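I have placed the structure first, in the form of structure tokens, so that the comments after it can refer back to it.
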Number of protein chains: 2
Amino acid sequence: MDAKHPVRTTEKTLALVEELMDRGPCGVTELTDGLDMGKSAVHNHLTTLREHGYVLKTGDEYQLGLKFLEVGGATRKSMEFYQVAEPEVKSLANETGELANLLVEEQGMGVYLMRSKGDEAVDLDTYAGLRTHLHTTALGKAILAHLPEDRVEEIIERRGLERKTPRSIGSRDELFEVLEGVRDRGYAIDDGERLEGLRCIAAPVKDSSDEVLGAISVSAPASRVSDEDLHGELPERVLSAANVIELNINY
Amino acid sequence: MDAKHPVRTTEKTLALVEELMDRGPCGVTELTDGLDMGKSAVHNHLTTLREHGYVLKTGDEYQLGLKFLEVGGATRKSMEFYQVAEPEVKSLANETGELANLLVEEQGMGVYLMRSKGDEAVDLDTYAGLRTHLHTTALGKAILAHLPEDRVEEIIERRGLERKTPRSIGSRDELFEVLEGVRDRGYAIDDGERLEGLRCIAAPVKDSSDEVLGAISVSAPASRVSDEDLHGELPERVLSAANVIELNINY
DNA sequence: GGGTTCGTTCTCCCATCCAGAACACTTTAG
DNA sequence: CTAAAGTGTTCTGGATGGGAGAACGAACCC
């Protein structure tokens, strides 16, 4: 459902913010040709955002300020699921020595809430707040597998099934087959689909009424994850961490 | 300097966002009486923000979405200082077992970029994105001590010297005296000013041309920090971590 | 000097924002 | 059961204010 009376001025501001996010620090003119607005309009919006801390100016360049982090950080902190899951994801990272992640679904997309690096962890270019298509990661598949089928259809409809790499899921049928497997096993796997040589194991976290709240995962280079580990100890650990979170959520 | 032609519609949207942040999930009517707008206007802004992922609706309640975290997370990730400092703050937390923090100055306020908890760490209510007055924390004092004097005056003028607790700094002269001490020692201390029983040690991080980029700190309960530690091993560790960051920043 | 950028300012017309009223519900009261 | 009071949502027209386009000032670079 879409807005009956959209505030067009606000939409322009938001477009400007996203343009600024994509381009990084830049001048008024550069910003203007990426947007459907005149130079004076862009300038007015920039100075307005600046007065409220959302935009900074250094010399002749404008850039996003940390006010967005303030709002985003407060939003995240207010989520019970994050509060409970955060320490568990950290210990998962410490115990395995690898990269552990926390993802939730919002508007049909996956949003990383945090990542925690163990001693040996690889450094991926994920970060808190990053959005991904759900079907492209183990985390996303763990969530999709436990959503009602019609919601999954809705998400496919809305967000598509764009193929990131040749090995990734690219059709509706393929996805549902994979999700079936995830439900059987209890955890989801990404064996190099997202990034060559990277293996991920993810488990869903559900509340007392069986609704998915999100998913947690461990990502490690294939060189450190044997085929045995991939269906042995590692899933065990991830599932166990997910279980602890579930217990704590329901007090 | 303020905007010559502020975009009032955008300002209304921003006011609404901040109201929503303060109140948490709430209905249109509740939101309306905290704002200088009519109900239909609030509704229009909400639906517009919703279409772009900045606001979510669950039942009859609206709340902030994780889009702010996406923008804020991308902003933070793009900061070189954060990228370099992040791993060092983490090891500082692991080595000491306490809570380690990273703060930068923006618009005369301190903004936490991250916090990392060691094994024994106390759990403060700080979070990435949180803003504080600079004079109220060790981190802030470490930064103020290495800013040009006129910038400090400017910041006092703009943000005031509100006293958080009876023990905290409350006058211009007091502040400058403390900053003098911070410069002499090389690190700043908060001995229960912000929170009874909490001790913090903070060190500034400067770039090659001696400009402050931010500050790092360790916070620990007084019970675990002897008077000796307060001017002994602990500052040593914090300063050492700050030094590593400085070296890495300048390649 | 002339020619090119850039960011910023100005003004006036017309798009559009929004108060207020009306509507469609649900909840509460008696 | 009806009535009253709450909620979120829709609609409309008139006053407001957003922004195109032009002009300005300050850098630059031949």
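What you see is a predicted model, and the numbers here were worked out from it, not measured in a lab. Numbers restart at 1 for each chain; the letters A, B, ... are given by sequence-line order, proteins then strands.
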With a non-hydrogen cut-off below 4.0 angstrom, is A:S40 in contact with a base, only sugar-phosphate, or nothing? base

Is any side-chain N or O of [X] closer than 4.0 Å to OP1 or OP2 of [N]?
{"X": "A:K12", "N": "D:dG19", "result": "yes"}
{"X": "B:T29", "N": "D:dG6", "result": "no"}
{"X": "B:K4", "N": "C:dG7", "result": "no"}
{"X": "B:H43", "N": "D:dT9", "result": "yes"}
{"X": "A:Y62", "N": "C:dT8", "result": "yes"}

With the threshold set at 4.0 Å, does a side-chain nitrogen-carboxylate oxygen contact exist between [X] and [Y]?
{"X": "B:K57", "Y": "B:E61", "value": "no"}
{"X": "A:K206", "Y": "A:E211", "value": "no"}
{"X": "A:R131", "Y": "A:E106", "value": "yes"}

Both B:H5 and A:H5 contact DNA chain C. Which one's nearest nucleotide lies toward the 5' end? B:H5

Closest-nucleotide 5' rank along DNA chain C - winner of A:R8 and A:N44: A:N44

Separation of [X] atom [atom1] from [N] atom [atom2], in whole Å?
{"X": "A:E61", "N": "C:dC6", "atom1": "CD", "atom2": "P", "result": "12 Å"}
{"X": "B:E11", "N": "D:dG17", "atom1": "CD", "atom2": "P", "result": "11 Å"}
{"X": "B:K39", "N": "C:dG20", "atom1": "NZ", "atom2": "P", "result": "13 Å"}
{"X": "B:H45", "N": "C:dT16", "atom1": "NE2", "atom2": "C1'", "result": "11 Å"}
{"X": "A:M37", "N": "D:dA20", "atom1": "CE", "atom2": "P", "result": "7 Å"}
{"X": "B:L35", "N": "C:dC18", "atom1": "CG", "atom2": "C1'", "result": "14 Å"}
{"X": "A:R50", "N": "C:dG7", "atom1": "CZ", "atom2": "C1'", "result": "12 Å"}
{"X": "A:D36", "N": "C:dA15", "atom1": "CG", "atom2": "C1'", "result": "14 Å"}

When B:T48, B:T10, B:T13 are each screened for side-chain hydrogen bond (donor to acceptor under 3.5 Å, both in side chains) with A:T13, the one that passes is B:T10

Indicate the atoms forming the closest heavy-atom contact of B:L66 with A:M79, along with that distance. CD2-SD, 4.0 Å

Which of these nucleotides, C:dG7, D:dC11, D:dG18, is closest to any side-chain atom of B:V7? D:dG18

